[in-house]
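To start, the structure under review is shown below, and the notes come after it.
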Protein chains: 4
Amino acid sequence: MRSLTRVSTTRTFKRLPREIREQQVLDAAVRVFSHHGFHTASMDEIAEVAGVSKPMVYAYLGTKEELFIACLRREATRLMEAIADVVDPTLGLSDQLWSGLRAFFAFVGAHRDGWAVLYRQARGQEPFAAELAAMRRRIVDVIADMLDRAVRAEGRQIHGIDLEVSAYALVGAGESLADWLADHPDADPDKTAGRLMNVAWLGAAQLLRGDVWAPGGSEPPVTSRDAA
Amino acid sequence: MRSLTRVSTTRTFKRLPREIREQQVLDAAVRVFSHHGFHTASMDEIAEVAGVSKPMVYAYLGTKEELFIACLRREATRLMEAIADVVDPTLGLSDQLWSGLRAFFAFVGAHRDGWAVLYRQARGQEPFAAELAAMRRRIVDVIADMLDRAVRAEGRQIHGIDLEVSAYALVGAGESLADWLADHPDADPDKTAGRLMNVAWLGAAQLLRGDVWAPGGSEPPVTSRDAA
Amino acid sequence: MRSLTRVSTTRTFKRLPREIREQQVLDAAVRVFSHHGFHTASMDEIAEVAGVSKPMVYAYLGTKEELFIACLRREATRLMEAIADVVDPTLGLSDQLWSGLRAFFAFVGAHRDGWAVLYRQARGQEPFAAELAAMRRRIVDVIADMLDRAVRAEGRQIHGIDLEVSAYALVGAGESLADWLADHPDADPDKTAGRLMNVAWLGAAQLLRGDVWAPGGSEPPVTSRDAA
Amino acid sequence: MRSLTRVSTTRTFKRLPREIREQQVLDAAVRVFSHHGFHTASMDEIAEVAGVSKPMVYAYLGTKEELFIACLRREATRLMEAIADVVDPTLGLSDQLWSGLRAFFAFVGAHRDGWAVLYRQARGQEPFAAELAAMRRRIVDVIADMLDRAVRAEGRQIHGIDLEVSAYALVGAGESLADWLADHPDADPDKTAGRLMNVAWLGAAQLLRGDVWAPGGSEPPVTSRDAA
DNA sequence: GATGAATGAGCTTTCATTCAT
DNA sequence: CATGAATGAAAGCTCATTCAT
């Protein structure tokens with residue numbers, strides 16, 4: 001468990017353009033950070049896994065902290081893009097939510113390393129908590145905005161702080177299930193998204209009554225009660 | 001940011017019984033860990049904040065890791081007890097949830113340091129993730145069981161894994177709002193609990209329709225739609 | 001292997017006279033030192049094995065160094081006495097040697113702990129090397145004197161330094177076999193003594209007769225007796 | 001007594017190749033270990049004496065224990081080679097012994113530090129006793145084998161264990177005189193070798209002729225030669 | 001006489017970071 | 001461009017030793 005094996009088996013002495021080297025190092029860093037955690041990870045190992053000498057790492061990505069933040073940003077950007085690519089703002093709320101959640105869990109399922117770096121590590125370590133909070137804030141704002149527009153479309157209005165808190169709750173539920181997914185390698189990301197959709201969309205009271213939400217349903221969803 | 005100031009300004013040279021010193025050290029440790037994170041925190045600082053020499057810390061609480069786990073357990077126990085003291089299993093589901101959430105947010109609001117140690121720090125640091133996972137599991141199981149009994153009381157049934165995931169989502173939402181609460185010192189714990197109750201109990205769809213959940217409502221809750 | 005079990009199973013709170021306590025502590029110290037070595041041994045463990053609190057150890061036997069020296073002296077005294085009790089200076093040289101060796105190996109065989117403290121530990125550790133050297137010196141002098149008297153009784157004489165070196169060689173051979181004995185728990189001390197006697201005496205006997213070996217002599221060497 | 005002065009008075013900031021630095025560190029370590037003993041020696045001092053920073057010591061030679069073993073092995077190898085270079089197995093037994101002893105004492109006389117590390121320190125400290133025992137074992141086996149072949153050449157035979165013990169005795173005598181030599185800086189190694197040869201050879205010669213000493217024999221002992 | 005409580009001091013070990021080549 | 005060599009600084013942990021009771 002001590003050291004991860006080098007990413008590129010044959011260490012290349014070719015003088016590669018800076019951009020490629022940077023990506024190699026970032027890949028290595030994400031791997032190492034996600035396996036060992038920020039503090040336990042050593043620059044030595046990252047350099048070795050990247051197949052590069054330590055001074056190169058410093059030359060290209062800077063301090064250990066800066067390197068970690070670079071990882072954080074790259075993974076966060078990828079995640080946001082994966083979601084943004086898929087959500088169609090012209091659709092109804094439930095469709096947006098559903099497609100967003102699917103994209104989210106699909107991403108986490110495919111990049112469990114990245115997720116680990118992103119959320120599990122960063123959440124507690126002070127220098128990064130702020131960075132991460134800002135990222136989460138962006139998501140929360142997007143969701144709160146979605147809710148707001150949908151509510152206004154119904155001719156009603158919800159207090160800003162209530163919107164924010166609701167969005168936070170949804171994000172928290174999502175992160176929690178992402179963790180759950182990361183710990184259950186065999187679980188299906190799509191099904192997980194469906195389950196969260198059920199809870200989030202219908203609420204406990206409905207579930208209690210036996211209602212079930214299913215993709216493809218028009219909005220408002222057809223619940224068993226409505227169907228009756 | 002370097003060092004937290006000593007808890008008791010005048011360092012006491014009195015020979016105190018072991019039990020008291022242990023609590024002093026635990027208090028200091030929770031404070032320091034929650035401010036600096038596990039790795040960044042130094043035993044030196046913990047000892048200093050506790051107003052005790054380092055060897056005492058080791059003699060009474062053991063290794064840094066053991067000390068952290070001791071913090072973890074103490075805070076977790078307090079949290080669980082605070083909730084258990086308040087939840088009445090003979091009540092309906094929504095009442096149990098509501099009282100549980102209130103107790104939860106009240107605790108977090110009153111012990112922000114403890115919460116930070118418990119969830120923010122431990123989640124990512126490998127030796128403790130397992131310990132923490134086990135604790136969360138206990139809560140999840142309790143909630144899942146609550147749901148299960150309520151559903152069966154209605155004469156229906158929900159697949160085990162769906163129960164588990166729902167409970168996970170709820171716990172995640174709760175943790176997320178707890179973080180939010182910890183970051184908003186002026187926010188009211190009770191209101192936060194109410195907001196989560198709304199989202200969790202009613203679900204997004206209902207909120208969209210303008211439904212509002214309020215404490216004291218009988219089960220099933222009276223929604224604006226029912227009222228209409 | 002961490003801690004040796006207490007010598008007296010039931011820790012006695014009786015106020016015992018100082019002398020007895022001192023012996024208890026010395027016994028414990030010899031045990032602990034011989035198992036862990038001087039530096040690795042801890043005063044805590046010695047106190048615990050002795051069934052006494054640490055301040056008692058300090059009160060009675062002083063510093064760790066002083067305690068070790070006390071062990072050293074007690075064991076050395078016992079060894080010397082065991083030998084002196086048995087050697088009859090009125091007998092011939094070989095009888096003295098033989099009885100002395102028998103007593104020596106018998107002692108080592110019976111007090112392997114003591115031997116370990118005495119020689120293996122003390123030899124290298126600077127504060128004790130001197131102490132030990134002095135003890136060895138006393139034995140060497142006794143042996144050298146025995147040889148000297150025997151030679152003079154034959155009407156001849158051997159240079160002082162040669163006597164000393166011979167005695168040193170004998171002592172070294174004895175210590176070496178004592179180590180060997182300590183490492184072979186099933187070996188018979190008496191037989192070991194016999195074997196050393198063979199080597200030592202048959203050599204010594206020739207010296208006694210005035211034989212001299214010189215480099216370049218063919219094999220078998222021409223002794224003065226053969227020459228006569 | 002605290003600190004040995006640096007080997008090279010002017011600390012060199014030149015970047016030296018690893019091999020050279022390793023030797024510098026080993027030299028320093030042997031010096032420091034032999035003066036202070038394993039436990040009392042500090043890595044700080046070793047690094048300082050080597051004219052190198054502590055992390056270098058760890059990078060090149062590893063743990064304190066590993067460093068000590070490296071010293072042990074280097075010194076032992078040197079000693080064995082010094083002897084092996086000189087002993088001619090085609091010669092007679094006494095010539096082999098004599099040349100071996102001369103080489104041995106010459107080495108010890110020239111490398112008193114090395115000797116101290118090798119035998120005085122390692123003998124008692126548990127992690128190394130085994131290592132050292134194995135080394136001594138190799139020497140003992142060589143000597144026992146020499147004896148065995150010589151005895152068989154005479155058409156006789158000696159029991160294995162007797163050979164082993166005799167060899168042990170010889171080695172012990174040699175070590176003892178080596179210590180004596182290390183403590184008498186003005187003594188001549190060659191003369192010391194001669195003195196041991198006298199004791200050892202005149203004894204060995206008798207054994208070679210089949211003489212046997214038995215307890216109770218009158219003085220001077222009746223040898224088979226006398227009996228003839 | 002006897003002890004639990006308490007500490008100063010020190011040691012090994014590790015790591016992020018930077019020169020000199 | 002690329003690296004092996006080198007280090008300052010700090011952290012975890014232990015232990016002999018001593019008060020105050």
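Keep in mind it's a predicted model, so treat the numbers as computed, not measured. We use all heavy atoms of the structure for the numbers below, so side chains are in, but hydrogens, waters and symmetry mates are not. All chains are named by letter (A, B, ...) in the order of the sequence lines, taking the proteins before the strands, and each is independently numbered beginning at 1.
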* Roughly how far, to the nearest 0.5 Å, is NZ of Lys64(D) from CE of Met43(D)? -> 7.5 Å
* Roughly how far apart are Asp44(D) CG and Ser53(D) OG, rounded to 0.5 Å? ->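 Going from the CG atom of Asp44(D) to the OG atom of Ser53(D) covers 10.5 Å.
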* **For dT21(F), the Watson-Crick or wobble partner whose two distances fall under 3.5 Å** =>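 dA2(E) - that is the nucleotide pairing with dT21(F), both distances being under 3.5 Å.
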* To do: May I ask which nucleotide in the shown strands pairs with dA11(F), Watson-Crick or G-U wobble, both distances under 3.5 Å?
  => dT12(E)
* Toward the 5' end of DNA chain F, which comes first, His39(C) or Met56(A), by nearest nucleotide? ->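 Closest to the 5' end, via its nearest nucleotide, is Met56(A).
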* Which residue lies more 5' along DNA chain F, comparing Gly62(C) with Thr63(B) via nearest heavy atoms ->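 Nearer the 5' end of the strand: Thr63(B).
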[X], nearest nucleotide to its side chain (from [options]):
X: Tyr58(A); options: dG4(E), dT17(E), dC15(E); value: dT17(E)
X: Pro55(D); options: dC19(E), dA16(F), dT7(F); value: dT7(F)
X: Ser42(A); options: dT7(E), dA16(E), dT3(F); value: dA16(E)
X: Tyr60(D); options: dA5(F), dT13(E), dT17(F); value: dA5(F)

* Decide yes or no, distance alone: a donor-acceptor N/O pair under 3.5 angstrom between the base of dT13(E) and the side-chain of Lys54(D). =>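 When only heavy-atom distances are counted, Lys54(D) does reach the base of dT13(E) through a donor-acceptor pair under 3.5 Å.
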* Asked: Mapping Glu65(A) and Lys64(D) onto DNA chain E by nearest heavy atom, which one lands closer to the 5' end?
  -> Lys64(D)
Please report, rounded to the nearest Å, how far the [atom2] atom of [N] is from the [atom1] atom of [X].
X: Glu22(C); N: dG1(E); atom1: CD; atom2: C1'; value: 14 Å
X: Phe38(C); N: dC15(F); atom1: CZ; atom2: P; value: 13 Å
X: Glu45(A); N: dT14(E); atom1: CD; atom2: P; value: 14 Å
X: Ile46(D); N: dT12(E); atom1: CD1; atom2: P; value: 8 Å
X: Glu48(A); N: dT3(F); atom1: CD; atom2: C1'; value: 15 Å
X: Glu19(B); N: dG4(E); atom1: CD; atom2: P; value: 16 Å
X: Ile20(B); N: dG4(E); atom1: CD1; atom2: C1'; value: 14 Å
X: Arg15(B); N: dG4(E); atom1: CZ; atom2: C1'; value: 8 Å

* Taking only the side-chain nitrogens and oxygens of Arg21(D), find out if one of them lies under 4.0 Å from OP1 or OP2 of dA5(F). => no
* Per the side-chain contact (heavy atoms from CB on, under 4.5 Å) rule, which among Leu26(C), Val57(C), Val52(C) passes with Arg21(C)? -> Val52(C)
* Identify which one of Gln24(D), Glu19(D), Arg18(D) satisfies the side-chain contact (heavy atoms from CB on, under 4.5 Å) criterion when paired with Tyr60(D). =>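 It is Arg18(D), the one option of Gln24(D), Glu19(D), Arg18(D) that forms the side-chain contact (heavy atoms from CB on, under 4.5 Å) with Tyr60(D).
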* Asked: Does a donor on one side chain sit under 3.5 Å from an acceptor on the other, for Gln23(D) and Arg74(D)?
  -> yes
* Asked: Counting any heavy atom closer than 4.0 Å, what does Met43(B) reach on the DNA or RNA strands: base, sugar-phosphate only, or nothing?
  -> sugar-phosphate
* Looking across every strand, which nucleic acid part, if any, lies under 4.0 Å from Arg18(C) by heavy atom: base, sugar-phosphate, or nothing? -> nothing
* Pairwise side-chain contact, Phe68(A) with Gln121(A), heavy-atom cut-off 4.5 Å (strictly under) -> yes
